[in-house]
Number of protein chains: 2
Amino acid sequence: MARSAVTVEEPVRRRLLAEATRLFAERGFESTSVQEIVAAAGVTKGAMYHYFGSKDDLLHEIYGRVLRLQMERLTRFADAEGPVAERLHATAMDVVVTTVENLDDSKIFFRSMHQLAPETYKTVRAERRRYHERFRDLVAEGQRAGVFREDIPAEMVVDFFFGSVHHLGTWYSPDGPLSGQEVGRHFADLLLGSLGHSIS
Amino acid sequence: MARSAVTVEEPVRRRLLAEATRLFAERGFESTSVQEIVAAAGVTKGAMYHYFGSKDDLLHEIYGRVLRLQMERLTRFADAEGPVAERLHATAMDVVVTTVENLDDSKIFFRSMHQLAPETYKTVRAERRRYHERFRDLVAEGQRAGVFREDIPAEMVVDFFFGSVHHLGTWYSPDGPLSGQEVGRHFADLLLGSLGHSIS
DNA sequence: CACAGCGTACCGACTGGTCGGTCGACGTGC
DNA sequence: GCACGTCGACCGACCAGTCGGTACGCTGTG
């Protein structure tokens, strides 16, 4: 039970997490059995329930990993220096690149959220909310500075943009013609464009 | 004992579909049992399997309903008359309004797609693709006319926008402060803004 | 010996789906 | 006007299989 000190190379545990991530992304949480996970990792259920408390626990850990990574990247880019428009552009682009680099995580995130235990669900929502707020503050900052249009609530711009980002898991393929960087640049351009003052 | 007169002359089939839609949206397809559906509809499994071939069949019918409705609305707005920018704006706004009016359908659509039988899945994808293409043509038309920026593929603009639309099911609430019309207008403004020629 | 790190065998709950049967409405013959 | 036959709508008990989870045993290492 005692969570051993800083990860001491636990290959089985790591394999279980990796295979679970792959399978959850591919077939969904509810359609993936514990049997399939342990088979893919080359162990048995005994091993899995040695490292994880339950199947939900596996999902929970995946969410924790995603939240931690994304929040860390966001703050790094948002807290940088330079004009707000440039910071938002760089941040938006990085969000896309990071999402594309961990596409399985993204698929799981927005598709299995409602399968979490109620308590865990609330925690994840709260964490996600803080994430969105940090992003929203960037938009609002630009609006106050007169760089972005002000007739649309910053909150809605965030939901608008992150909808597009979540949707990446549905259509983007690493084998396709577009790199994550390219998609990221286009998405960031679209976001900045939508926030610009209209010509007409 | 006999089914008393006044109660529910309404078709059982309709109730089953309605309750299934509600429950699928609330808990997801895989987490909803046939027992729960028939209990909510006030009938038994015999009734359900009398009207539907399987649980998947229920889901399939929901998808058919959504696809039919959305495609019909899209063509109605896209094939109207007037400048392309205005048509795209009206279309985008209607997509949001329609989505918000059938929010349960939308939640199911993007969350349970991979639960469909392979054959059905392909059909739905194909239908959805035609839908996207119709929308993309609108964007491309504006680009050729020089009204919209041309440095971003129309295809990507479509994925960008419909990501936001799909995401509505995650955050929008009819009980919230914003009406579907308001969200629709904002979304359409953002879309048109992102397609406008930049000032800077 | 102690104990982490697993494998093996198994449990009870529940799943989607089936099947024989009941019930009332309705056409038909007399 | 009444008995009969039929048919769709629906019930409810049941099935085989699958699920997440558990109990316990073995084994190598310190």
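So you know, we letter chains A, B, ... as the sequences are listed, proteins then strands, and number each from 1. What you see below is based on every heavy atom in this structure, not just the backbone, and it leaves out hydrogens, waters and symmetry mates.
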In whole angstroms, how far is the [atom2] atom of [N] from the [atom1] atom of [X]?
X        : N      : atom1 : atom2 : answer
A:Gln35  : C:dT15 : CD    : P     : 19 Å
A:Gln115 : D:dC19 : CD    : P     : 15 Å
B:Asp56  : C:dT15 : CG    : C1'   : 13 Å
A:Tyr49  : C:dA9  : OH    : P     : 19 Å
A:Phe52  : D:dG20 : CZ    : P     : 15 Å
A:Lys55  : D:dG21 : NZ    : C1'   : 12 Å
B:Asp57  : C:dG17 : CG    : C1'   : 13 Å

Specify the residues of residues 21-29 of chain A, ordered by number, for which at least one heavy atom lies under 4.0 angstrom from an atom of DNA chain C.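 Residues of residues 21-29 of chain A that come under 4.0 Å of DNA chain C do not exist, since none gets that close.
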Classify the angle between the aromatic ring planes of A:Phe162 and A:His132 as parallel (below 30°), tilted (30 to 60°) or perpendicular (above 60°).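 The arrangement is parallel - the two ring planes meet at less than 30°.
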When the ring planes of A:Phe110 and A:His166 are compared, do they come out parallel, tilted or perpendicular, using 30° and 60° as the limits?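 Plane angle under 30°, so parallel.
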Pairwise distance [atom1]([X]) to [atom2]([Y]) - rounded to 0.5 angstrom:
X        : Y        : atom1 : atom2 : result
A:Ile108 : A:Gln115 : CD1   : CD    : 12.0 Å
A:Thr98  : A:Phe77  : OG1   : CZ    : 7.0 Å
A:Ser164 : B:His167 : OG    : NE2   : 9.0 Å
B:Glu127 : B:Tyr63  : CD    : OH    : 13.5 Å

For B:Glu141, run the side chain to side chain contact (heavy atoms under 4.5 Å, CB included) check against B:Asp137, B:Val139, B:Leu138 and tell me which one passes.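 Answer after filtering B:Asp137, B:Val139, B:Leu138: B:Leu138.
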Under 3.5 Å, side-chain donor or acceptor atoms of residues 18-27 of chain B against the rest of the protein: list the pairs with distances, not counting sequence neighbours.
residue : atom : partner : partner atom : Å
B:Glu19 : OE1  : B:Arg22 : NH1          : 2.5
B:Thr21 : OG1  : B:Leu17 : O            : 2.7
B:Thr21 : OG1  : B:Arg65 : NH2          : 3.2
B:Arg27 : NH1  : B:Glu36 : OE2          : 2.5

Members of residues 41-48 of chain A that approach DNA chain D, where some heavy atom sits under 4.0 Å away: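 DNA chain D contact set from residues 41-48 of chain A: A:Lys45.
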So if I take every side-chain heavy atom of A:Tyr51 and compare against D:dC19, C:dC6, C:dT15, which nucleotide ends up nearest?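 Among the listed nucleotides, the one closest to the side chain of A:Tyr51 is C:dC6.
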Indicate, with a heavy-atom threshold strictly under 4.0 Å, whether A:Ser31 touches base, sugar-phosphate, or nothing.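 Nothing, no nucleic acid heavy atom in range.
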Would a 4.5 Å heavy-atom cut-off, applied to side chains only, mark A:Arg185 and A:Glu182 as touching?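 Yes - at least one pair of side-chain heavy atoms lies under 4.5 Å apart.
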Side-chain N or O of A:His50 less than 4.0 angstrom from OP1 or OP2 on C:dC6?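 Indeed not, no polar side-chain atom of A:His50 lies that close.
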